[in-house]
2 protein chains.
Amino acid sequence: MTAQEDPDRTVELLWREPWDATSRQGLSIGAIVRAAVEIADAEGIEALSMRRVGERLGFTGMSLYRHVRGKTQLVDLMCDAVLGETVTGTVTGAGTVTVTGAGAETESPAGRSRPGDPGDPGGSGGSAGPGGWREALEAWARRYRALCHRHPWLAGVHGTRYVPGPNSVAGFEHALATVAGTGLSPAEMVAVVGLVGRFVEGEALREAEVARIERRTEVSEQDWWGARESLFAELSRYPTLTAVWEAGGYDEPEDPFEFGLRRVLDGIEVLVRQRDERRDEIASCVVCGATVDRSGTGRPRAYCSRGCQQRAYRRRRSGPQGGIRQ
Amino acid sequence: MTAQEDPDRTVELLWREPWDATSRQGLSIGAIVRAAVEIADAEGIEALSMRRVGERLGFTGMSLYRHVRGKTQLVDLMCDAVLGETVTGTVTGAGTVTVTGAGAETESPAGRSRPGDPGDPGGSGGSAGPGGWREALEAWARRYRALCHRHPWLAGVHGTRYVPGPNSVAGFEHALATVAGTGLSPAEMVAVVGLVGRFVEGEALREAEVARIERRTEVSEQDWWGARESLFAELSRYPTLTAVWEAGGYDEPEDPFEFGLRRVLDGIEVLVRQRDERRDEIASCVVCGATVDRSGTGRPRAYCSRGCQQRAYRRRRSGPQGGIRQ
DNA sequence: ACTCCTTGTTTATGGTGTAAACAAATTTAT
DNA sequence: ATAAATTTGTTTACACCATAAACAAGGAGT
């Protein structure tokens, strides 16, 4: 979903509006989002319609439009609501989803999770010392996957212009912290987190689809493929495929998530090791590339001079080149 | 899409039916699929409807149902049609898509590509000697990505029960051949190809979505994020994110595809090297794990005894454990 | 000439998101 | 207290969508 219209209103809703403020006749954003999540969890995102949500709450479908701009915005809110789940908490039951959306400035008592909190989608702890980044990043990936399992529609809904809410950003912050101090450049850190995040989403998407179809058609993946004899008859003309098949390549398949995650993390580790080698070498200015004095103590300098520091600042002010995404 | 109903009919259509057989009043499967691809290419998959396809051909929407079971089957056919494109060929123009579906057994003159053909979606050449697997696999990934660029709906439509057609299988065969002879186990070969394939699809999905939204809303990704000042105001409380931002992590972002592909291939290379080390060591029986005699010459044995070979055979006969997917 | 089959059309059903007009109730201003 | 304004939910309407079912017309086989 894309929040195509009025993303600023979505930001407002996500970050500054109290979701539990019930209107005169009892409708509230929190209730709407919660009902929508319940429907999507139980029957899939394609079963989610404005009418369904409204009627579940005892209203008409159109009543929602007084609180929410439209369906795409509702989905945006659903995403962040769900991303705010405590990792250990129960999930899809009626009203279990924590959708408190109290103001960010006001330290509300029933406040939401903050970056670094054990309750954020990132979970506990940052990078646990040098070399600990891998365990932490892997754990983050697994928690994210578990979340996608609990809400099978989530992975299929994350768009490129998804407006990030507090819970989404908290998770991203945690993941970034995970690879901080590895010697990766800032851009590489962002890329690493994005890569792992999209990997998880991709795999979760498959897994969710398999589960959904198996439930709907009541025929397992294995049975379905086993019944495709008319297809297998055509496959004997492909030598490599046949060889792989006959060598038992499909008897005990690798788990796609486990296999993929290991490969991706291995690939990242290769990069980290590369950067690690150069960490102690001469640093270069981020702007002009000139060598930077290493005083040996304190925070290492990023710029060779005040001039370059200022140039970097001006460049930043002109706006980002790509979106901030999880 | 899932081909939920009557997949055997889809197999029939993909592998054995001639698509160019025009009926009395001029409708044919080939024409239908071609028109559908044109619409989806030009206006996105969400603009594709049975009515649109029918009317583009001068018929009603219902007329299609005499040739195609329903929309999901049509999408399945579209996939394989598009997967059959010559890599170098032109693309989205009217009628350029090669959707010849002549029989597989009969060597039709305007026949489709075969595994290993330079014209298959896999492209030319298998693994180019030892160590060449990486270049070949990378090239395959890039071709697949290019295909997804030409048909932005493709990546978002590949499901787990997608019925593979001849072009799809040819591409898969090629990719498998790419990693044959690396010392990977058959199951690992399948997993590697699946990982890379899904990575490409995932990235292509994002790229397609960005392009689609940018075209529809006429505001670039950069401009859109630049306009989210009300959001940025909230972000200063996240220390790592702020640090990354201030260090210029978003000034020159890594290209997600290039970065990710390198990581994934690096990760695979780690695995390949692991297997390579053990290649010359003592092999173990695939079934019972016992050591296998290495005669030193000829094809290395996979089983320790005739008994284990037979057991493996019976296990294979009972059907596959997972689907064959690209 | 008669029947059967193929193919395209018409009609109908139940679903979707949401714009616009409307009605009631509460809040605010006077 | 009274009137105006605002909020909030409802009704109606529109333009789509996939597709089931009945129907009509033409060709092929006998």
Side-chain angles (χ1 to χ4, degrees), chain A residues 1-6 9-10 12-13 17-33 35-36 39-40 43-78 153 157 216, chain B residues 1-6 9-10 12-13 17-33 35-36 39-40 43-78 153 157 216:
Chain A
M1 278 312 153
T2 57
Q4 39 185 330
E5 70 282 301
D6 211 351
R9 173 66 187 148
T10 308
E12 203 78 14
L13 239 37
E17 211 109 339
W19 285 16
D20 49 351
T22 60
S23 67
R24 288 202 296 271
Q25 303 180 36
L27 222 39
S28 73
I29 295 185
I32 291 173
V33 172
I39 292 173
E43 304 175 52
I45 192 75
E46 71 281 356
L48 181 76
S49 77
M50 301 301 269
R51 283 174 173 79
R52 284 288 310 271
V53 176
E55 280 158 13
R56 166 177 275 251
L57 296 168
F59 298 88
T60 62
M62 290 308 291
S63 65
L64 308 187
Y65 285 87
R66 293 288 171 200
H67 303 261
V68 155
R69 276 284 198 275
K71 195 183 183 183
T72 72
Q73 191 179 69
L74 174 57
V75 173
D76 278 355
L77 300 184
M78 287 168 65
W153 46 272
V157 128
R216 185 163 49 83
Chain B
M1 279 316 149
T2 58
Q4 39 186 329
E5 69 283 301
D6 211 350
R9 174 64 187 151
T10 308
E12 203 79 12
L13 239 38
E17 211 108 337
W19 285 16
D20 49 350
T22 63
S23 66
R24 285 203 301 273
Q25 303 181 38
L27 223 38
S28 73
I29 295 185
I32 291 173
V33 172
I39 292 174
E43 304 174 51
I45 192 74
E46 72 280 358
L48 182 76
S49 78
M50 301 300 268
R51 277 175 174 78
R52 286 287 311 272
V53 176
E55 279 159 12
R56 168 175 273 250
L57 297 167
F59 298 88
T60 62
M62 290 308 292
S63 64
L64 308 187
Y65 285 86
R66 293 288 170 198
H67 302 262
V68 155
R69 276 285 197 275
K71 196 182 183 183
T72 71
Q73 190 178 71
L74 174 56
V75 172
D76 278 354
L77 301 183
M78 287 168 66
W153 46 272
V157 128
R216 184 162 50 82

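Side-chain atoms are counted along with the backbone in the values below, which use heavy atoms only and exclude waters and symmetry mates. A, B, ... follow the sequence lines: proteins, then strands. Residue 1 opens every chain.
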Next item on the list: Using the side-chain contact (heavy atoms from CB on, under 4.5 Å) rule, take B:Arg69 and B:Thr10 through it: C-alpha gap first, then chi angles, then the decisive distance, then the call.
Entry: CA-CA 9 Å; B:Arg69 276 285 197 275; B:Thr10 308; over 6 Å; no

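The separation between A:Glu55 atom CD and C:dT16 atom C1' is 13 Å, rounded to whole Å. Put simply, OH on A:Tyr65 is 19 Å from C1' on D:dT7, counting in whole angstrom units. At whole-Å resolution of the value, CD1 in B:Ile29 and P in C:dG8 are 11 Å apart. Rounded to whole Å, the distance from CE on B:Met50 to P on D:dA20 is 10 Å. Distance CD (A:Glu46) to P (C:dG17): 12 Å, rounded to an integer number of Å. Nucleotide C:dT16 holds its P atom 8 Å from the NZ atom of A:Lys71, rounded to whole Å. Rounded to a whole Å, the CD atom of A:Gln73 is 14 Å from the C1' atom of C:dT18.
For A:Ala36 against A:Leu48, the heavy-atom pair with the smallest separation is O-CD1, 3.5 Å. Of all heavy-atom pairs between B:Arg56 and B:Ala35, the closest is CD-CB, 3.7 Å.
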Pull out every protein N or O sitting under 3.5 Å from an N or O of nucleotides 8-15 of chain D, one pair per line with the distance.
residue: D:dT8; atom: O4'; partner: A:Arg24; partner atom: NH2; Å: 3.4
residue: D:dG9; atom: OP1; partner: A:Ser23; partner atom: OG; Å: 2.7
residue: D:dG9; atom: OP2; partner: A:His67; partner atom: NE2; Å: 2.5
residue: D:dG9; atom: N7; partner: A:Arg66; partner atom: NE; Å: 2.8
residue: D:dG9; atom: O6; partner: A:Arg66; partner atom: NE; Å: 3.3
residue: D:dG9; atom: O6; partner: A:Arg66; partner atom: NH2; Å: 2.2
residue: D:dT10; atom: OP2; partner: A:Thr60; partner atom: N; Å: 2.9
residue: D:dT10; atom: OP2; partner: A:Thr60; partner atom: OG1; Å: 2.9

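Here the side chains of B:Arg66 and B:Ser23 are not in contact, with every heavy-atom distance at 4.5 Å or above.
Using a distance-only test at 3.5 Å, with no hydrogens or angles considered, a donor-acceptor pair links the side chain of A:Trp19 to the main chain of A:Leu13.
Taking CG of A:Leu74 as the reference point, atom NZ of A:Lys71 lies at 8.5 Å (rounded to 0.5 Å).
Among the atoms of the strands shown, only primed sugar atoms or phosphate atoms (P, OP1, OP2) are found under 4.0 Å from some heavy atom of A:Leu48.
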